[in-house]
Structure formats: structure tokens, C-alpha cells
Number of protein chains: 2
Amino acid sequence: MARNYNWKTGCDVEATLSVIGGRWKPVLVCHLLEGRKRFGELRRLTPNATERMITLQLRELEADGVVSRHVYAEVPPRVEYELTEFGRSLEPILMLMQEWGSAFKARRLAEESKGDQSARTA
Amino acid sequence: MARNYNWKTGCDVEATLSVIGGRWKPVLVCHLLEGRKRFGELRRLTPNATERMITLQLRELEADGVVSRHVYAEVPPRVEYELTEFGRSLEPILMLMQEWGSAFKARRLAEESKGDQSARTA
DNA sequence: ACAAGTACCCACATTTTTGTAAGTAATGGA
DNA sequence: TCCATTACTTACAAAAATGTGGGTACTTGT
């Protein structure tokens, strides 16, 4: 129930948000598009998120059938996360978000180096 | 600074979220893909959001250059919102989210009518 | 004997987000 | 004269999300 999005009464976009609307969900799913990864890898790939947040978001994604969790009975522990088929159906969206973000970043960085010496760190 | 997403240090997907990561932003942008709309229309189209939320989200979208705001000096007031060119560059993402959400809804509703008579209202 | 390593969990504090209710301005219509 | 209308704003309250710091288990390597 990420932020009480309501897929039933809301529009189609809201339905999508009910699945990937969480703070770090799109980022995690995106990383998992490259393949099964263990927890520590996801941590390294998502440095702006705390360990706790990653755990929580993965739990919700699991509950929604987007990722599956594979636990190995080893010490030290090893847990791997993988997109389900359902999760993989999100791939086109994430790919577009990645592309758009890449272009956005480039644009912003260009703007920054151009007109603006002062601190517009936002 | 919606939810302190950091487009600089984060991955490309996070950069995108820094623009449309807000609670109602994707929904609003999606509605605006159909064309310029006044505030009241957006309200009707987004019944799960409060008036206040719509205002706040629109303000952030405006600050990020995604929408433009047109105020008419009339009484009662009339204000229209419209995607900027930059905002329109988000169209492919929103369209995919809409499609995916539509399929998701259909799937969920089907599951519901099938196996499950009891109240799984989630 | 002891530290390192992994993937967590827990309690608690703080921050952020969201909702609620009320108020505003100026005009046209009853 | 008074009300309805529209797109807000503001203050306050409640709820949700997020961060912090600590702890755990069990084995391997030193």
C-alpha cells in the first residue's frame, strides 16, 4: 500500500504508481533489469538510499510480485533478488525513464557550466 | 526538491524521479497531455487528490519547467495549465505508464472476479 | 581468541508529506 | 442584497516516510 495509491478508483497512471510509486522502487527495478543481484550490490548501486530503505522497498516489491527473493543457507548470508516475469513487464517504462534522465542530466550540467558560475546546486 | 531526489549523484532513473517523482505529478502530467486544462478540470480528473495537493504539485512542476500557468484576470478566476515543450518530452514515459496501468488493472480485476469472492479490497 | 563478513531487524527520533477547515476577492445573477 | 462561483492561501493537525544507531547469527581466516 505504498502511499495509498488507489489502482481501483484512480486513473491508469495511478495504477502503475501503486506498484512502482515508492521512493526507490524504480531505481531498484532498473538495476535488476541487468539481472539477479544480491543485496550488497543493490546497496552499492543505490548509494543515496539507506540500507533500511532498500530493504523496505524490496519487501514491498516482493509483496507485489515484482521481485523474487532467493536466500542461500550460507554464512555469511547471501540473498539475491531477481525480477519476476511480471516485474520484467515494467522494463519499457524503466528504460525510458533511464534515457530521459540521462538526457536531463546532460542538459542540466550543460546549463550549469554555461551561464552560471554561482552556486545553483539545486 | 521533491523528496530530495538527487539528480546529480543518483543514477539516471533517479534524475527522472527528481522531476516526476511527486505523489501526483505523473497523473497530472498525463492529464495535461490531452491539452491545456484549467484547475477545476484537473481536480475532477484527479479525484483521489485533494485540492491542496494538486496545487502544490502543479507549483513544483511549474518550478521545474514542466508546466506553464496562465492566469486570466477574470472573476471568478480562471487559471489554465499547459505542458511546456520540456514537459511534453515526458510524453512517452507517461503513455507507457498509462498502458501498463491499464493492463495491470484489467489483470487485477480479472483475478478478483475469478478465484476470490471474499473481500480483498486492497 | 577474535575480528570480519552479510543481510538483515528493532526501537526511536525526526522530517516530510498529506489532510482539514477556514478564509479571500470580485462579479454576475436571483 | 445576498449567494454562488473559482482558484487559490494559510494555519494547524495527523499520518507516513525516512534516518540513526545498535544488535544478531554463524562461520571462516588469523
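For the numbers below, each heavy atom of this structure counts, side chains included, while hydrogens, waters and symmetry mates do not.
For B/E60 and C/dT18, the CD to P distance is 9 Å, given to the nearest whole Å. Atom CG of B/N48 and atom C1' of C/dT17 are 17 Å apart (whole Å). Atom OH in B/Y5 sits roughly 10 Å away from atom P in C/dT17 (whole-Å rounding). In this entry the distance linking NZ of B/K25 with C1' of C/dT17 reads 12 Å, nearest Å. A/M53 places its CE atom 11 Å from the P atom of D/dT20, with the value rounded to the nearest Å. Straight-line distance from the CG atom of A/L42 to the P atom of C/dT6: 14 Å, rounded to whole Å. Separating the CG atom of B/L56 from the P atom of D/dA11 is a distance of 14 Å, rounded to the nearest angstrom. Atom CD in A/Q57 sits about 18 Å away from atom P in C/dA7, given to the nearest Å.
Of the side-chain N and O atoms in B/T50, none sit less than 4.0 angstrom from OP1 or OP2 of C/dT18.
Remark: A/R69 engages no residue in a salt bridge (Lys or Arg N to Asp or Glu O under 4.0 Å) (not counting sequence neighbours). Residues forming a salt bridge (Lys or Arg N to Asp or Glu O under 4.0 Å) with A/R78 (at least two apart in sequence, or on another chain): A/E74, A/E80.
Residue pairs meeting the ring pair (Phe, Tyr, Trp, His ring centres under 6.0 Å) criterion with at least one member in residues 11-68 of chain B, sequence neighbours excluded, do not occur. The salt bridge (charged side-chain N to carboxylate O under 4.0 Å, His left out) contacts involving residues 44-56 of chain B comprise B/R43-B/E51, where partners must be two or more places apart or lie in separate chains.
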>> Assess the residue pair A/E112 and A/R108 against the criterion (salt bridge (charged side-chain N to carboxylate O under 4.0 Å, His left out)); give the C-alpha distance rounded to whole Å, side-chain angles, the decisive distance to 0.1 Å, and a yes or no.
In response: CA-CA 6 Å; A/E112 213 169 70; A/R108 275 279 206 271; over 6 Å; no
Can you give me every donor-acceptor pair (side chain of residues 87-94 of chain B, partner residue at least two apart or in another chain, under 3.5 Å) with its distance?
residue	atom	partner	partner atom	Å
B/S89	OG	A/W100	NE1	3.0
B/S89	OG	B/F86	O	2.5

> Once each nucleotide of nucleotides 2-9 of chain D is scored for protein heavy atoms under 4.0 Å, what B/S/- sequence comes out, 5' to 3'?
Replying inline: ---BBSBS
